[in-house]
Amino acid sequence: QVQLVESGGGLVQPGGSLRLSCAASGSIFSINDMGWYRQAPGKQREWVAGITSGGSANYAVSVKGRFTISRDNGSWMVYLEMNSLKLEDTAVYYCNADIRRIGSASTRDYWGQGTQVTVSS
C-alpha cells in the first residue's frame, strides 16, 4: 500500500551531474528518516546519504561535498543531487524511507526498485 519510486538515473560523463528523485505514495501518515543507498555490481549495498524529518542531512565520506540530499515533506519526496560524478559512482541507487502508515502505530522501512546511474567516458 506504500510505494517508493525512483527516477532520474541515466548515463553521464565524469564530472557531470544528475538529480535523482524518489516519490513515496500510498496511505502515509508520516515519514521519519529518508535516505539513499547504492549497489555496484559485485559489491554490497552501501549507504550514501540520509536526511531526518527535520532536514538534518548526513553523507558517506565518498560523496560528501559532491552530493546533496533534500526532501519535501509536503509531497513525500526525497532528492539526491549528484555533482562532480566519478566512475566509481556507477551503481543502482535505491531510495529508503522509514514510514508510518495511516492506521498504524509503528513504522517500517520501505525501498524503491532502484534507478541505474552510469558514469562513463
Side-chain angles (χ1 to χ4, degrees):
Q1 298 304 305
V2 172
Q3 289 187 312
L4 299 177
V5 179
E6 302 97 333
S7 62
L11 176 64
V12 64
Q13 294 190 146
S17 299
L18 282 175
R19 181 179 170 88
L20 305 183
S21 299
C22 174
S25 62
S27 301
I28 299 171
F29 178 81
S30 63
I31 302 180
N32 296 320
D33 290 357
M34 306 183 80
W36 289 92
Y37 293 72
R38 67 186 182 186
Q39 187 168 26
K43 296 185 179 296
Q44 296 186 75
R45 183 176 297 188
E46 66 173 341
W47 174 77
V48 174
I51 186 167
T52 69
S53 61
S56 180
N58 285 287
Y59 303 90
V61 295
S62 59
V63 306
K64 192 171 186 178
R66 300 188 297 119
F67 291 10
T68 302
I69 187 171
S70 60
R71 64 189 287 171
D72 182 346
N73 292 334
S75 59
W76 306 125
M77 298 281 292
V78 63
Y79 306 92
L80 186 68
E81 183 177 351
M82 305 183 294
N83 300 311
S84 302
L85 283 162
K86 305 174 179 180
L87 296 178
E88 52 264 42
D89 293 319
T90 296
V92 177
Y93 283 71
Y94 297 91
C95 176
N96 166 261
D98 184 34
I99 298 176
R100 180 183 175 188
R101 295 177 61 188
I102 294 174
S104 176
S106 61
T107 68
R108 58 157 287 189
D109 274 357
Y110 291 84
W111 292 86
Q113 82 290 344
T115 185
Q116 177 71 49
V117 173
T118 302
V119 184
S120 177
S121 60

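One-based numbering along the sequence shown.
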* For residues Leu87 and Pro14, report the shortest heavy-atom separation together with the two atoms involved. => CD2-CG, 3.8 Å
* **Check: Val2 and Ile28 side chains under 4.5 Å, non-hydrogen atoms** => yes
* **Single-linkage hydrophobic cluster, 4.5 Å side-chain cutoff, Tyr94 and Leu85 together** => no
* Would you call Val78 and Ile51 a side-chain contact if the rule is heavy atoms closer than 4.5 Å? -> yes
* What pair of heavy atoms forms the shortest contact from Leu18 to Gly8, and how long is it? -> CD2-O, 3.8 Å
* List the atom of Ile69, the atom of Ala57, and the distance in Å for their closest heavy-atom pair. => CG2-CB, 3.6 Å
* To do: Begin with the C-alpha distance, continue with both residues' side-chain angles, and end with the deciding distance and a verdict on side-chain contact (heavy atoms from CB on, under 4.5 Å) for Thr115 and Val92.
  => CA-CA 5 Å; Thr115 185; Val92 177; over 6 Å; no
* **Minimal non-hydrogen separation, Leu11 against Ser120, with atom names** => CD1-CB, 4.0 Å
* To do: Scan for side-chain hydrogen bond (donor to acceptor under 3.5 Å, both in side chains) pairs involving residues 43-60, sequence neighbours excluded, and state none if there are none.
  => Arg38-Glu46
* Asked: Could you give the distance from SG (Cys95) to CE (Met34), rounded to the nearest 0.5 Å?
  -> 5.0 Å
* Does Arg71 count as lying over the ring of Tyr79, i.e. NZ or CZ under 6.0 Å from the six-ring centre, within 45 degrees of the axis? -> no
* Minimum side-chain heavy-atom gap Ser21-Met77 below 4.5 Å -> yes
* Residues Arg66, Ser84; criterion side-chain contact (heavy atoms from CB on, under 4.5 Å); working and verdict -> CA-CA 6 Å; Arg66 300 188 297 119; Ser84 302; 4.0 Å; yes
* To do: Decide yes or no on side-chain contact (heavy atoms from CB on, under 4.5 Å) for Asp89 and Met82, but give the supporting numbers first.
  => CA-CA 9 Å; Asp89 293 319; Met82 305 183 294; over 6 Å; no
* **Contacts of type side chain to side chain donor-acceptor pair (under 3.5 Å), residue Arg108, not counting sequence neighbours** => none
* Is Val117 close to Leu20 at the side-chain level, that is, under 4.5 Å between some pair of heavy atoms? -> yes
* Relative to the ring of Phe67, is the ring of Tyr93 parallel (under 30°), tilted (30 to 60°) or perpendicular (over 60°)? -> tilted
* Asked: Is atom CD of Gln3 surrounded by more than 12 heavy atoms (other residues, nucleotides or ligands) closer than 6.0 Å?
  -> no
* Using a 4.5 Å cut-off on heavy atoms from C-beta on, say whether the side chain of Trp36 contacts that of Cys22. => yes
* **For Ala40 against Ala91, the heavy-atom pair lying closest together** => N-CB, 3.8 Å
* Determine whether Asn96 and Asp109 make a side-chain contact, defined as any pair of heavy atoms from C-beta on separated by less than 4.5 Å. => yes
* Between CG of Asn83 and OG1 of Thr68, what distance do you get to the nearest 0.5 Å? -> 6.5 Å
* To do: Would you confirm whether Thr90, through its side chain, and Val119, through its main-chain N or O, come within 3.5 Å as a donor-acceptor pair?
  => yes
* Could you give me the CA-CA distance, side-chain angles and deciding distance for Glu6 and Gln113, then say whether side-chain contact (heavy atoms from CB on, under 4.5 Å) is met? => CA-CA 7 Å; Glu6 302 97 333; Gln113 82 290 344; 2.9 Å; yes
